[in-house]
Amino acid sequence: MNLPNLTLADFLPLFPAIIMVAGASVLLLSEVFLSATSSRAYQAVLTVVTAVAAGFAALTAMFEPAHEVFLGFGVLDPFSSFLTFVVCVGLALAALSSVSFLRKRGAERGEFYALMLFAAAGMSLLAMSNELITLFVNLEVLSIATYALTSYLRRGTRPSEAGFKYFILGAFSSAVLLYGSALLYGATGSTKLTDMVGPLSGALAAQPLLVYAGLILVGAGFAFKVAAVPFHMWTPDVYEGAPTPVTALMSAGVKAAAFAALVRVFLTLGKGIDPHLPLVLFSVLAFLTMVAGNLLAIPQRNVKRMLAYSSIAHAGYLLVGVAALFVTGPGEQFRLLGPSELTGGTPVDLARAQALRGILFYLLAYTFSAVGAFAMVSALERREDEEKGTAWDLERFSGLAQRRPGYAVAMAAFMLSLGGIPPTIGFMSKLLIFQSAVDSGLVGLAIVGVLSSAAGVYYYLRVVVYMFMRPVPEGAQTLERSWSTELTLVLSTAAVVVLGILPGPITAWLQQASRIFGL
Amino acid sequence: MSFFDTHLLNLVVFLPLVFAALVLVLPASEPGQIRTVTLIGMLVDLVAGVWAYTRFEPGGAEFQLEYRVHWFKEFGLSYHLGVDGLAISLLLLTVFLGPLVVLASTTYISHRIKEFHLALLVLQTTMLGALVSLDVLLFYIFFEAMLIPMYLMVGVWGAEDRQMAAVKFFLYTLVGSLLMLVALIAVYFISAPAGARSFDYASMYNGLLEANRQLSACRAGPEGACDSLTGLAGTLHTYGPWMFAAFALAFAIKVPMWPVHTWLPDAHVQAPVAGSMILAGVMLKMGTFGFWRYAIPFFPVAAQMARPFLATLSVIGIVYGALMCLAQRDIKKLIAYSSVSHLGYCMLGMLAVTAEGATGSAYQMLNHGVSTGALFLLFGFLYERRHSRLMADFGGIAKVMPVFTAFFIVITFSSVAVPGTNGFIGEFLVLLGTFKSDLGAAAGNPHLTTVFGAFATLGVILGAAYMLWMVQKVFFGSLTHRENQHLRDIGLRETLTVLPFIALVGVMGLMPQPFLDRLAPSTDRFIARARVGIPGAPQAEQVRVEVMSLPSNPTAAAPQGSAPLAARDVPSPRQ
């Protein structure tokens, strides 16, 4: 057997993931030496420190030129580094908000944070994967960790239901993805994305059905992971049943990583095929996801479930950006749902870079807003109510502005940001996405997106109504304060508002991060 | 310009926010301190605003007191402030209302006082920001952001159905403005080639100007001549009407024009007195201001095509609003519907595209802020005493509250445009402008101008009818309700709050010249810009928008030419 000759230099690009795996190992090992009653406060701190270190490492790597790592199984490019950074931000905030959540349930264990770190390592590596098997393995690393996290609180019925559902459907979607990869391998004779491009056009001519089936299956597998309609069925139940900080990590990190892989696979393979296929595929998905996500969220009175549907809707906006990546040019544009003359002749590569920037900024913005909102949900929920199903009812938010004005303001900022109202980061990110859609001639999709986000504002505002305009309910329990939750809220709110007004260094990072290897 | 001049608008816009930060650190248990600090903040802002008003030279450049720095460079955004004649006048109105709104709320608002004053100060900043923004996206941000404090104000401190009214208000306004955002992005893309794109008002307007002229010229020609247009003019020919529609819808909802006015009666009736005053006084003007500054100048040809339609809607609004007023039993709803009617005049005067009409429209914007703001204020005093909005619960109030009655009647006169009050000048000019306009010709029959004018005049008569009818029912006759026998007449604080309004009614009615002087350059330019879309109309020279350029490298406004995606840092060995 030919063993590859790996040197230290091959491992260096994986530094952020290695940090996270090391942190997870420390957490697991140290747990062995603790008695049931020992203090476990250090675990969250260690997780946050690990996440910050990994995020910092990713940021430094972002300004290195793109290159292949690990014999071409992965690539290190600014795109993947920025996504690792986003994942680390989500991880740090989710870990911070877990402290009081776990303490209230007496479920503080090192495994919890270790699993979070493993999942995040998987996400980081998924963003770097340049080969279909590696991609699959990393997807499984992150998925299995999140399956376990979902049913972490194993005493209740909901977590087990959620975990089981997530596992079955997740395994199914992985199988679909794997089957699609196998078909593509059969067509091209390679699993490395960059090697597949060449033979792809030949294979397309010889066996068009095989290639299309492979691409559509791979696309469907990713659509499951990013929760695009009609592959979204698992999302509300799983998001509701999982421990809230895990839901936060899922909505931010898993989504970001899955989008990264999706963009990389289809952008690379898109060079070898007719770009109309991914354009139609993602436009239709985006349309369905935006409309259905927002409409289904409207009747929800359960805030956690509402946020689950809202995360579906946000996947839809992101898919608009993805669709904009595949517009081929002002001259021979595919006129889906809209005219092309409005574009004023933006060069394709420039339009594409803008779309990519929009997607990346959106992922960052969504991470701050959604993780903050979930942290707020977890601050208000009580374990006793979970079985009754009232833990996340809108009523929980009644009169919050009188009881905890700071919390109410923070939640209002998250809701407005998710709804895309200025001056929040959510507005800026929606602006970038829709701008790139208009630029690429997808005016129809942009209008649908804008209208469905107006519908979305209705349910986000309802939370604000309850917080500010309803009286405090009789016999409301006093809210426990916890430094970690409050720190999460402060950090997320600051990011949501400040970056919404002064995008500052982020714009320079985005400029850099829209460089994808091999394009 | 001195350092102070360049930063004056920043000062005016952000002073309320600074005071909001001060209020934030005050303890919530000290309502007196909170009110005082807010009032001082509004007064200081008033001083700064009046200073800005006096620094504005009527004969000078179009946009004055400019300030511009980079902001989100890659995206063509700059932080750009500046005022023209209309903006500085509306700015004056806004800072004028600020302290009065605080005074009007001292007893009206009794719970969550700190939050209320915070909302008030933030609202002030967003409204002023929207008025002085010269970057269209900056305007949009302020335009949207002002919904949030207003929404809270209606929803938290409003009357019984406040939540429904607040959500309706928010969603209504939002739907329109989101569509405008898409159109705005489209304008951003078509108005400049890649690399030079900018959201700046000047670059957007000037970028569209030449194409608008071409389009206008070919529309004067034979049927179908425009179909062969290429480039930007062709794009404007095909999509201009849609983009104009998106802008117009957003602003029409804000104005509000019939039939998208239905949020207004609800919001006004439910809002606390401060909310109603600001809503009527300033926020509705954002709609007319938007038409004036953005919708019509950007798409003069589409606007020209839509003029008869929009003018019809305005006239319907005038008459419908007046008729609705006659049917009301709720006083606050009556004042709200009178706003629909009065704003109809603003729109009609603007759409007439005559010097008289536009001047009247701009003047009417100020008048409406003064008179309707004062009506809501006065009604608020009555409501505090009696907690009823129904006319039937009053009657003969003049006997117990003579001073109040006198004030109310003066404001009523202003509202129904009695000569000698400010309302007269505005409405007279609008009617004159309408009769002199070519609205009928634009609609296909020159005689229709008279019809527009006649219906608008009918609105004036109806306006007098419903206001005087209301005054008669509330203030005169015998005291029919025992509860009303011991109503207190208005006190010192309340008188002090009303007096500035009374003074302004007189000053603006008898000495309109200083105000008109500042509006004049703005109206001239508005007409010149609107006429770009009228084939064969005399074209003026000063149509282009001239603004200061960015401090250094002005070309850095948009995404750089070289695409990062295309950049190959280190080529793959396999490529």
Side-chain angles (χ1 to χ4, degrees), chain A residues 65-68 72 75 77 194-195 339 341-347 349-350 352-354 356-357 401-402 405 412 416 420-423 427-428 431-432 434-435 438-439 443 446-447 450-451 453-454 457-458 461-462 464-465 468-470 502-503 507-508 510-512 514-519, chain B residues 28 71-75 112 114-115 137 140-145 147-148 151-152 155-156 158 162-163 166-167 170-171 174-175 178-179 181-182 185-186 188-195 197 232 234-235 238-239 243 246 559-575:
Chain A
H67 57 93
E68 289 190 328
V75 285
D77 50 10
T194 30
D195 290 352
E341 288 161 58
L342 281 178
T343 62
T346 310
D349 42 2
L350 183 58
R352 215 179 243 190
Q354 275 173 351
L356 210 48
R357 236 184 287 165
Q402 273 126 301
L416 293 174
I421 312 279
F427 169 72
M428 276 293 174
L431 182 71
L432 274 162
F434 291 137
Q435 188 209 25
V438 174
D439 194 17
V443 180
I447 291 177
V450 155
L451 286 182
S453 76
V457 172
Y458 172 73
L461 272 192
R462 196 163 45 189
V464 182
V465 167
F468 285 87
M469 303 174 194
R470 291 281 167 106
L502 299 167
T507 55
L510 289 174
Q511 190 92 6
Q512 178 75 14
S514 53
R515 292 156 201 255
I516 290 194
F517 174 77
L519 283 167
Chain B
W71 177 53
F72 216 161
K73 230 195 277 183
E74 296 77 9
F75 204 38
R112 298 165 81 179
K114 182 169 163 180
E115 289 94 331
L137 201 75
Y140 182 83
I141 288 176
F142 280 121
F143 187 76
E144 289 275 271
L147 293 181
I148 301 168
Y151 160 76
L152 290 176
V156 178
R162 54 184 180 270
Q163 287 163 22
V167 173
F170 199 102
L171 288 182
L174 188 74
V175 170
L178 280 174
L179 284 176
L181 181 64
V182 175
I185 296 175
Y188 167 79
F189 277 108
I190 60 174
S191 63
R197 286 183 182 137
L232 184 50
T235 308
T238 324
Y239 302 108
M243 292 191 263
Q560 302 298 312
S562 71
L565 242 184
R568 286 153 217 270
D569 286 312
V570 171
S572 146
R574 283 171 188 79
Q575 275 180 333

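Labels below follow one simple rule: chain letters A, B, ... track the order of the sequence lines, proteins then strands, and each chain is numbered from 1.
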Chain B contact via L431(A) - which portion, at a heavy-atom distance below 4.5 Å: both
Sorted by chain and number, sequence neighbours left out, side chain to side chain contact (heavy atoms under 4.5 Å, CB included) with L179(B) holds for I447(A), L451(A), A246(B), L249(B)
Given that the side chain runs from C-beta out, which part of L171(B) has a heavy atom under 4.5 Å from chain A: side chain, backbone, both or neither? side chain
Please name the pair of heavy atoms, one in R112(B) and one in A401(A), separated by the smallest distance, quoted to 0.1 Å. NH2-CB, 3.2 Å
Rounded to the nearest 0.5 Å, what's the gap from CD1 on I148(B) to CG on L416(A)? Could you check? 4.5 Å
Segment of L152(B) engaging chain A (4.5 angstrom heavy-atom cut-off): both
Looking at every non-hydrogen atom in both residues, tell me the closest pair between A454(A) and L174(B) and how far apart they are. CA-CD2, 4.2 Å
Indicate yes or no for a side-chain donor-acceptor contact from Q163(B) to the backbone of M469(A) under 3.5 Å, with no hydrogens or angles considered. yes
Do L181(B) and F434(A) come within less than 4.5 Å of each other through their side chains, counting heavy atoms only? no
Could you work out, with side-chain hydrogen bond (donor to acceptor under 3.5 Å, both in side chains) as the rule, every residue matching Q435(A), not counting sequence neighbours? Y188(B)
Can you tell me which portion of Y151(B) sits under 4.5 Å from chain A's heavy atoms? Options are side chain, backbone, both or neither. both
If one checks every heavy atom of F468(A) against chain B at 4.5 Å, the contacting part turns out to be both
For the interface with chain A, which of V175(B), I141(B), V156(B), V167(B) has the highest count of heavy-atom pairs at distances below 4.5 Å? I141(B)
